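Just below is one structure, and these are the notes that go with it.
So you know, we letter chains A, B, ... as the sequences are listed, proteins then strands, and number each from 1. As the structure is a prediction and not an experimental result, all values here were calculated from the model.
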There are 2 protein chains.
Amino acid sequence: MDSVKPKRSLVEETYDILIDAICSGELPPGERLNQDVIAAQLNVSRQPVNSAISILRANGLVEDTGRRSVVVSSFDPQLFQSIFEYRKVVEPFAVELAARELQKTDRRHADRVLKVGEKAFQSGKLTDLVHADMQFHEMIYGWSRNQVIQTSMKTNWHHIRRSMAVVLRSPETVSQVWSEHAKIVEQLFDGNSDQARQTMARHIGGAYEAISADISDPVVADAD
Amino acid sequence: MDSVKPKRSLVEETYDILIDAICSGELPPGERLNQDVIAAQLNVSRQPVNSAISILRANGLVEDTGRRSVVVSSFDPQLFQSIFEYRKVVEPFAVELAARELQKTDRRHADRVLKVGEKAFQSGKLTDLVHADMQFHEMIYGWSRNQVIQTSMKTNWHHIRRSMAVVLRSPETVSQVWSEHAKIVEQLFDGNSDQARQTMARHIGGAYEAISADISDPVVADAD
DNA sequence: GTACCTAATTTCGTATACGAAATACGAAAA
DNA sequence: TTTTCGTATTTCGTATACGAAATTAGGTAC
């Protein structure tokens, strides 16, 4: 068992806390980030907070206002559309790659992930649902053995989570999502990789349809 | 006229200098980054250097050694393969998206970029060639109007540039690259988007073939 | 000569300090 | 009352300071 303490730095800790606050919607778009306040809340000096914000800025999750402050980036429907347009091509590709060499042990992992999804569905907690959804897709990215897909999608999920925090999904939609997940796994392990690919493409397309209607209006900072 | 000074911070300046040194091969894989030394060289304090390194670490370009130092990440052929596997799917897709709404003015831009490429080819300077190559592909990403493609490929080009610094390309290969670029533009503006897509797919595939042979061995840090 | 132990030095993370720039506020003039 | 200008305050970027961890070196025992 890995009981090593990674010994995370305060910069990392601060970064994780901030990105989580942003993605969960706790810090909504346009919200100002005051270094002194954050430092006080986390009981650290301003220095690690400053570094963490530098990373967030480099990743586009916060932006300078031209004034003296940084704010959480506005959530742009255009970006959301880009993400799903992108996913509709990349995720079926990930499925195709995953089919190359599936291990038998992977099946156990898949079943576990699907089970967690079921539980999250029954609990009805949005946070759990989003998390489980992400887990499933990240499993596929991992199977693809393509690092670029994994890292680019990691960034995308920050934005996806951010949008999910605003959007409510109907139970029927959620139910369908998880039956499609199961179907993809089934087809993959049955050797029908091409079908799995197509199912994934439809899955992403459908998810976008289901969600996009709700986020037609951009969420931006309050005008002064 | 935009005569505003972007007023870049020392963190940004330092980050750009470091990433450029890494991507150009000036700081080879395994090279240790000493904050004091870098700060002295750039005539800044260690603070912005520290922040810049935090960003590099978050982007995976440097990594902790478990000791007290960070080193430039080793260049992994596996990653290189992932990048081209990815590009072979994503770049043709970018071409497809680009075909949606091409502006007439874009043609002028394209011709300019192609011309710069020719010049770089004649000059024979590797740095210029790589830069021009990147310019061409980034033009396509821009035309796709898909932000995710743009940002993910931006990261990838750091790694691509890094590999290019090691790999020498034969003049014939380079020549072929640029005639293919021209062909893609031609096909796009002639409305043959599907052909342009296929040309791009062949282009990426060919580029990978041409390069991959030379980087079969991983470039890692010297063993102690 | 080799191995080990301890002290000195390096080097990093984080805290604190300082100066500059921008915003907020308040007073005076229209 | 509204606007404008000057001053006080906030807040950030960057410099400097400090303590801890790790590496290096040197010396001693075998």
Going by atom type alone, with no hydrogens or angles, which donor-acceptor pairs under 3.5 Å involve a side-chain atom of residues 93-111 of chain A and a protein atom two or more places apart or on another chain?
unit_1, atom_1, unit_2, atom_2, d
Glu96(A), OE1, Arg197(A), NH1, 2.5
Arg100(A), NE, Leu97(A), O, 3.1
Arg100(A), NH1, Glu85(B), OE2, 3.0
Arg100(A), NH2, Ser144(A), O, 2.9
Asp106(A), OD2, Gln103(A), N, 3.0
Arg107(A), NE, Asp111(A), OD1, 3.4
Arg107(A), NH2, Glu186(A), OE1, 3.4

Cut-off 3.5 Å, no hydrogens considered: what does the side-chain donor-acceptor table look like for residues 34-49 of chain A, sequence neighbours left out?
unit_1, atom_1, unit_2, atom_2, d
Asn34(A), OD1, Asp36(A), N, 2.9
Asn34(A), OD1, Val37(A), N, 3.2
Gln35(A), OE1, Arg46(A), NE, 3.0
Gln35(A), OE1, Asn50(A), ND2, 3.4
Ser45(A), OG, Gln47(A), N, 3.3
Gln47(A), OE1, Gln47(B), NE2, 2.9
Gln47(A), NE2, Gln47(B), OE1, 3.0

Residues 118-125 of chain A, side-chain donor-acceptor partners within the protein, below 3.5 Å, at least two apart:
unit_1, atom_1, unit_2, atom_2, d
Ser123(A), OG, Ala120(A), O, 3.0
Ser123(A), OG, Lys125(A), N, 3.1

Requested in this report: Scan nucleotides 7-15 of chain D nucleotide by nucleotide, 5' to 3', and note B when protein non-hydrogen atoms come under 4.0 Å of the base, S if they reach only the sugar-phosphate, - if neither.
Outcome: ---BSBBBB
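Scanning for salt bridge (Lys or Arg N to Asp or Glu O under 4.0 Å) contacts around Asp128(A) gives an empty result, with sequence neighbours left out. Residues that satisfy the salt bridge (Lys or Arg N to Asp or Glu O under 4.0 Å) test with Glu63(B), not counting sequence neighbours, are absent from this structure.
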